[in-house]
Amino acid sequence: MAVMSFKFLCLLPLLFVSGYAQLFPDPFFKQEANETAEEDPSVPGGKPIDENPVGYRMINNAAVGNPQNNKAAVGNSQNNLKRNAKNPINNNVEVDAENTGFKGKWDLVSDNSGVSAMHAILLPKVNKVLMYDATIWRISKFPLPPEKRPCHVYDPVRKLEDCWCHAVLFDIETSQLKALRIETDTWCSSGGLTVDGNLVGTGGFMNGAKTVRFLDTCDKCDWREYPTGLADPRWYATQITLPDGRFIIFGGRDAFSYEFIPREGQSNKKSIFFPFLRDTTDNTVLDNKNIFRIENNLYPFVHLSPDGNLFIFANNRSILFNPYTDKIVHEFPVLPGGARNYPASGMSVILPIRLYAINIDPKSAEVLICGGARWDSYFYAEIKKQFLPALKDCGRIHLLKQNAVWKMETMPAGRVMGDMTILPTGDVLMINGAKTGTSAWGFAEEPNLTPVIYKNKAKRGNKFQELARATIPRMYHSSSVLLPDGKVLIAGSNTNNGYLYDVKYPTELRVEKFSPPYLNPALAPLRQEIMVEKSDKVIGYGKRFTLSVKSKELELAKTDVQVTMYSPAFTTHGISMNQRLLMLGTIDVTNNAWPGVHSIAAMSPPSGKVAPPGYYLIFVVYKGVPSVAMWIQIK
């Protein structure tokens, strides 16, 4: 007995030191060198990416310059592959669908969305998807319920009424619909979320072209519309959130300008001329006299760069633009191959932005643009009724490098009118669209039914992976929405001038959910569960915050954990406004802070330039498998 007591007393100091180490981990600013080398392509001495950069500068309408090989350096990640060998399911940080054999899964969740989802966005607080179409047809599949009447009288002289819903809230758990009342025409409009999670929508057609709309996110809220809010008509325009939370809108048909979106109840008196949009317009000549307008620069791609400037891409040209000084900061090389914006309608995202626990501003940011059509594809579809093949190529470019050039890659198949959704893991899902033609009613054929994952960090030649085929064509006016559970909601598609059901491609009202490969049931034990009540839900910039997760794992290695923040996209016409994913720096993982519960400390983004204020979905990704997300607000 005396010997046992002596041994226990000898062990006490060791137990105390071990516990002290758990309570007070290494300082969060101590960054692992191999982690930086793996993720930051600017690290010297890393391995070059073997890609083919292409690009020329346009000076006085002439293509000049030599597209030099601007190989980015990436670090050797071998030293960073610390794995939990005890886990029998997957010993890799990232889950690869090829290793699991699971190519994704489609589920039909509703036969009637009420309206064809031309526009869609996931709303915080109510956790429902807002879907809306256009009012021009004065019909949908969802009559206005009694509480939303009387009907809208849109022609007082002839006493014509509109008694149909054109906007709904779709419950992502039950698929139930809630009617919303909207009167101005939202056809081909824009939108985004405020810092408080409310929607501000802009533009549209006819009486909606200059309208600013407001929809608060509550169960009893409905639209508030201001038809004279904008100075210029904004049909096919792009709305983006600035670092201070304000909105700015670019373009639209015959609107070579931009303007800051006014506060509710106020109106803009004038816009700001933006010659870049005028200069990127495509036209051609018919019969040696008549001008045929093709455009190819509507719904321009606009992404907020981490330096606070805006990356703006229209047709095949792109710039960095300072909206506060009205100055072009930098012009990038021309992206070859064809046109990328409406009606050519390619896809674009700003790729996930990597942040670190030391919380310096990111030094690297890239944009990916894929698909689209030949510059004259719309002309061939309209005049000659010929549907040309969609583009198969992708271009990727660094935003913060003065000498950046496009690095080209090839998709498995051409895609026009597709959607790009950034997944919680940092990969990009390409879905929907067609293999031939362009946007517009009846101007495309050969639906592209095969989703493709673009593996952001994979080596060249291994970036694309085809997934389980869909059975429902989703072409013009389709949409996609990332959900908190990691699934992607797929809705819409209407290639018709109205709601038509007896045609080759009927107006589509069915709603599906697609489960990406990381939702393979065999990987379910790796899925962490965020404990909302024990996690920080409102955070500031450059601050440490914590998330608590229930886990089936006895412990979580820091190298296997990635916290990601996703900004919900406003999706329409193949463009996803304000979509971005931030890969946060992990400060520490405290295992078994409570029995079966681990605490993860992460560093929030440094500023609104990196993450504009507002609501984000926050995921805990463990070994490539994301948790169900929690809403978090940064301000």
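Positions are given from 1 along the sequence. Just the heavy atoms: all of them, side chains too, but no hydrogens, waters or symmetry mates, feed the values below.
- With hydrogens and angles disregarded, a donor-acceptor distance shorter than 3.5 Å links the side chain of Ser535 to the backbone of Met531.
- Between the side chain of Lys125 and the backbone N or O of Asp196, at least one donor-acceptor pair lies under 3.5 Å.
- Between Glu259 and Arg234 a salt bridge is recorded (basic side-chain N to carboxylate O distance below 4.0 Å).
- Here Arg181 pairs with Glu183 in a salt bridge; the nearest charged N to carboxylate O distance falls below 4.0 Å.
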What do the steps show when you test His573 against Tyr299 for ring-ring contact (aromatic ring centres under 6.0 Å, His included), and what is the final call? CA-CA 8 Å; His573 291 76; Tyr299 276 133; 5.0 Å; yes

Test Phe464 against Tyr454 for ring-ring contact (aromatic ring centres under 6.0 Å, His included), laying out the working first. CA-CA 5 Å; Phe464 299 96; Tyr454 177 85; 5.3 Å; yes

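- Salt bridge Asp216/Arg224: present, at least one basic N to carboxylate O contact under 4.0 Å.
- Remark: Lys141 qualifies as a cation-pi partner of Tyr501 under the 6.0 Å distance and 45° angle criteria applied to the six-membered ring.
- Residues Arg138 and Asp162 are paired through a salt bridge, judged by an N-O separation under 4.0 Å between the basic side chain and the carboxylate.
- To the nearest 0.5 Å, atom CZ of residue Arg474 and atom CE of residue Met417 are 13.5 Å apart.
- Between Trp631 and Tyr615, the angle of the ring planes goes over 60°, which puts this pair in the perpendicular group of the 30/60° scheme.
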For the pair Trp164 and Trp137, evaluate ring-ring contact (aromatic ring centres under 6.0 Å, His included) and give the outcome as yes or no after the intermediate values. CA-CA 10 Å; Trp164 297 91; Trp137 299 303; over 10 Å; no

